[in-house]
Peer 1: 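This is the structure, below, for whatever I ask next.
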Amino acid sequence: SFEDVRFYRTKDGKEIDFVVNKIPIEVKWQSYVTQSDVKEVINFMEKFGVRIGFVISKKFDVIEKNSKKIYVLPLDFFLLSDVRNFLQNF
């Protein structure tokens, strides 16, 4: 369920836009998402032992690093998908 929606910020000001059931979701409204753009998502995933994360962007992509997967999804796809079922499996 989406009862556990949070915002995350470290003491030094780095942040994740949304954390839903421990899954980081970052919004980067741009056409291409780079490793640099997802640095804080990866840091969050490593710190909390999370295997997947999401970036809401303009195009599809998958970024993999250190056995972590970040799914880059267009906003309309993210909103129309049943992401709740996907998130409950992780």
Peer 1: Show your reasoning for whether side chain to side chain contact (heavy atoms under 4.5 Å, CB included) applies to F44 and E15.
Peer 2: CA-CA 9 Å; F44 179 94; E15 59 187 49; over 6 Å; no

Peer 1: Is the Y71-F78 ring centre distance short of 6.0 angstrom?
Peer 2: no

Peer 1: Taking S57 for its side chain and Q30 for its backbone only, find out whether a donor-acceptor pair lies under 3.5 Å.
Peer 2: yes

Peer 1: Once rounded to the nearest 0.5 Å, what's the spacing between atom NZ of K28 and atom OG of S36?
Peer 2: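 Going from NZ on K28 over to OG on S36, the span is 8.0 Å.
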
Peer 1: Kindly say whether the aromatic ring centers of F18 and F7 come within a distance under 6.0 Å.
Peer 2: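 Ring centroids of F18 and F7 are no less than 6.0 Å from each other.
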
Peer 1: Apply side chain to side chain contact (heavy atoms under 4.5 Å, CB included) to the pair V72 and I63, showing each step before the final yes or no.
Peer 2: CA-CA 8 Å; V72 180; I63 298 171; 4.1 Å; yes

Peer 1: Measure the shortest side-chain to side-chain distance between I16 and R6 over non-hydrogen atoms and say whether it is less than 4.5 angstrom.
Peer 2: no

Peer 1: Please list, chain by chain and in numerical order, all residues satisfying salt bridge (charged side-chain N to carboxylate O under 4.0 Å, His left out) with K69, sequence neighbours excluded.
Peer 2: none

Peer 1: I'd like to know if K59 pairs up with D61 as an ion pair, taking the criterion as any Lys NZ or Arg NE/NH1/NH2 lying under 4.0 Å from an Asp or Glu carboxylate oxygen.
Peer 2: no

Peer 1: Do V62 and Y32 land in one hydrophobic cluster if side-chain heavy atoms of ILVMFWY residues count as linked below 4.5 Å?
Peer 2: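 No: no chain of side-chain contacts under 4.5 Å links V62 to Y32.
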
Peer 1: Could you check whether any side-chain heavy atom of M45 comes within less than 4.5 Å of a side-chain heavy atom of V41, counting everything from C-beta outward?
Peer 2: yes

Peer 1: Check whether any side-chain heavy atom of V55 sits under 4.5 Å from a side-chain heavy atom of V27, and report yes or no.
Peer 2: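 They are not in contact (no side-chain heavy atoms under 4.5 Å apart), so the answer is no.
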
Peer 1: Search all heavy atoms of P24 against all heavy atoms of K22 and return the closest pair with its distance.
Peer 2: CD-O, 3.6 Å

Peer 1: I want to check something: taking the side chain as every heavy atom from C-beta on, are I56 and E26 in contact at a cut-off of under 4.5 Å?
Peer 2: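 No. Closest side-chain heavy atoms not under 4.5 Å.
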
Peer 1: Is I23 reachable from F77 through a run of I, L, V, M, F, W or Y residues, each pair having side-chain heavy atoms under 4.5 Å apart?
Peer 2: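 Hydrophobic grouping puts F77 with I23.
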
Peer 1: What is the minimum heavy-atom distance between V50 and K68, and which atoms define it?
Peer 2: O-CD, 3.2 Å

Peer 1: Measuring from K47:NZ to E40:CD, what's the distance to the nearest 0.5 Å?
Peer 2: 11.0 Å

Peer 1: Could you check if a side-chain atom of K58 sits within less than 4.5 angstrom of a side-chain atom of P74, using non-hydrogen atoms only?
Peer 2: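 In short, these two side chains do not touch, never coming nearer than 4.5 Å.
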
Peer 1: May I have the step-by-step check of side chain to side chain contact (heavy atoms under 4.5 Å, CB included) for I70 and I42, ending in yes or no?
Peer 2: CA-CA 8 Å; I70 299 172; I42 292 170; 3.6 Å; yes

